[in-house]
Amino acid sequence: MAFFWCCALLLGLVAASLVNADMKVDCRPDYMTVVWSDSRSQADTSLFRLGTCVPTSVSAREAVFSVRLDDCNFRTLVTGDHQMYTNDLVYYSPPNSLMPSFSLPVVCAYERPKDWTIRIFDPVFDTYGQDDLVFFIGIMNDDFSGPAETTSFSLGSFIRIMASVEQQHHQPLLMLLDECIATTSPELQHEVALYPIIANKGCLVDSKTSLSRFEPRVKSSEIHLSLQAFRFALGEEVFIHCNLLAWDPNALDHTKKACNYVKAHGWELLDHPTYSSICACCESSCKSRKTRSLTSGKRGVEHKAVLGPITIKDS
């Protein structure tokens, strides 16, 4: 690991209320440690976030993050012979607090290894933070307790997908998969062949011809999908493009839902089967309606994610 050199940069001006604060960054080959401390601060140190990561430890005047560079939604920038990992240390101030919210950039720079190549996609996970919501989607093991050990699946076996949202200050939100499409490209392009999995605002259309299903919920902020490996693009790299939706659980309708197709029964609503009538449009068109922004009182937030590449083989 001798090819690494590291540095930490604190950029920009800090508000007057932070003049007594100190942020230390220790960059290592595979991880970094960030320590924020202030002997006079009114900050609640548990409310600090490094990208999408919560503190590893906190005390009354200190927040510590010891994290891997492939966690926390770090951004990667390559300039010449150097590779930079950047993120933001953010403080989310609670209502009526004397301490304002603020954000400080954090950078670790390394000499680029000779054999280094850009890793565009994580084959298992996609994690993204927005406001104080953190979205996650991943390919899991059979009981959804951890990541899958492989991204290669036999035709007819199950691909377990979990999507979730972590909420800091919002009202409880329900995790939905609005749409999922399989393609052979990491980018959605008109000329690329598509295989629809979830369409029409939450209808698991693949369940009409397979054993795919939404599993019963463990918690409202997660949704589990057992996707039966399909014949589309056998042996090729496949990418699954999904639209995640965190929504008000009390505002489900024909455009905000999760519907399974149950053989000899028809479409069934995952969360409230007695209200499965809102799934009836899965056979026609579930038209969307315009939503308002979260800050002005809208009832949900969307996030687009890509999983892959995975491969499906005819065993």
Side chain Lys257, main chain Lys201, donor-acceptor under 3.5 Å = yes
request  = Give a yes or no on whether Leu225 and Trp267 share a hydrophobic cluster (residues Ile, Leu, Val, Met, Phe, Trp, Tyr; joining criterion: side-chain heavy atoms under 4.5 Å apart).
outcome  = no
query = Are Asn141 and Glu149 side-chain neighbours, meaning at least one heavy-atom pair lies under 4.5 Å?
reply = no
task = Determine the minimum heavy-atom distance between Val106 and Leu50, stating which atoms define it.
result = CG2-CD1, 4.4 Å
Main-chain N/O of Asp253 paired with Lys256 side-chain donor or acceptor, under 3.5 Å = no
query = Is the SG-SG separation for the cysteine pair Cys203 and Cys279 below 2.5 Å?
reply = no
inquiry  = Once rounded to the nearest 0.5 Å, what's the spacing between atom CD1 of Ile181 and atom OH of Tyr195?
reply    = 12.5 Å
inquiry  = Is a donor from one side chain sitting under 3.5 angstrom from an acceptor on the other, for Ser210 and Ser212?
reply    = yes
query = Do Arg28 and Asp26 meet the salt-bridge criterion of a basic N to acidic O distance under 4.0 Å?
reply = yes
message = Could you check whether any side-chain N or O of Asn260 sits under 3.5 Å from a backbone N or O of Phe214, counting only pairs where one atom can act as donor and the other as acceptor?
response = yes
query = How far apart are the closest heavy atoms of Ala233 and Thr184, and which atoms are they?
reply = CB-CG2, 3.6 Å
request  = Starting from Val64, walk the hydrophobic network (Ile, Leu, Val, Met, Phe, Trp, Tyr; side-chain heavy atoms closer than 4.5 Å) and list everyone else you reach, by chain and number.
outcome  = Val35
key: Residue pairs, two or more places apart or on separate chains, that pass salt bridge (Lys or Arg N to Asp or Glu O under 4.0 Å) and touch residues 223-239   = Arg231-Asp314
query = Counting N and O atoms only, with roles assigned by atom type, does the side chain of Asn200 sit under 3.5 Å from a partner on the main chain of Cys281, one being a donor and the other an acceptor?
reply = yes
query = Which pair of heavy atoms, one from Pro216 and one from Leu270, lies closest together, and at what distance?
reply = CA-CD1, 4.3 Å
query = Got a salt bridge between Lys208 and Glu283, using NZ or NE/NH1/NH2 to carboxylate O under 4.0 Å?
reply = yes
key: Smallest separation among heavy atoms of Cys72 and Asn87, with atom names   = O-ND2, 3.0 Å
task = Just say parallel, tilted or perpendicular for the rings of Phe48 and Trp36, cut-offs at 30° and 60°.
result = tilted
query = In terms of side-chain geometry, is the basic nitrogen of Asp142 or Arg160 positioned less than 4.0 Å from the acidic oxygen of its partner?
reply = yes
query = Should Arg213 and Glu215 count as an ion pair when the cut-off is N to O under 4.0 Å?
reply = yes
ask   = Are any side-chain N or O atoms of Gln228 and backbone N or O atoms of Gly156, one a donor and one an acceptor, separated by less than 3.5 Å?
value = yes
ask   = Any idea which heavy atoms bring Cys108 and Val25 closest together, and the distance?
value = SG-CG1, 4.0 Å
inquiry  = If you define the side chain from C-beta out and look only at heavy atoms, does anything of Leu155 sit under 4.5 Å from Lys313?
reply    = no
query = Backbone N or O of Met175 within a donor-acceptor pair of the Arg217 side chain at under 3.5 Å?
reply = yes
request  = Any chance you could measure Ile198, atom CD1, to Asp206, atom CG, to the nearest 0.5 Å?
outcome  = 9.0 Å
key: Beyond-backbone contact of Ser276 with Glu268, side-chain heavy atoms, under 4.5 angstrom   = yes
task = Verify the cluster assignment for Leu227 and Leu234: are they in a single hydrophobic cluster under the rule of side-chain heavy atoms below 4.5 Å apart?
result = yes
request  = Please answer: with hydrophobic residues joined when any side-chain heavy atoms are less than 4.5 Å apart, are Ile223 and Ile159 in the same cluster?
outcome  = yes
task = Flag the pair Met162 / Ile137 as yes when at least one side-chain heavy-atom distance between them is below 4.5 Å, and no otherwise.
result = no
inquiry  = Do Val205 and Phe230 sit in one hydrophobic cluster, given that two such residues count as connected whenever their side-chain heavy atoms are within less than 4.5 Å of each other, even indirectly?
reply    = no
query = Roughly how far, to the nearest 0.5 Å, is the CG atom of Asp271 from the OG atom of Ser220?
reply = 9.0 Å
request  = Determine whether Met140 and Ser145 make a side-chain contact, defined as any pair of heavy atoms from C-beta on separated by less than 4.5 Å.
outcome  = no
query = Shared ILVMFWY cluster between Leu307 and Phe232, side chains joined below 4.5 angstrom?
reply = yes
ask   = Would a distance-only check, ignoring hydrogens and angles, find a side-chain to backbone donor-acceptor pair under 3.5 Å from Asp44 to Ser46?
value = yes
key: Residue from Leu47, Thr45, Leu104 passing side-chain contact (heavy atoms from CB on, under 4.5 Å) with Tyr91   = Leu47
message = Given 3.5 Å as the limit, does a donor-acceptor pair link the side chain of His241 with the main chain of Ser185, or not?
response = yes
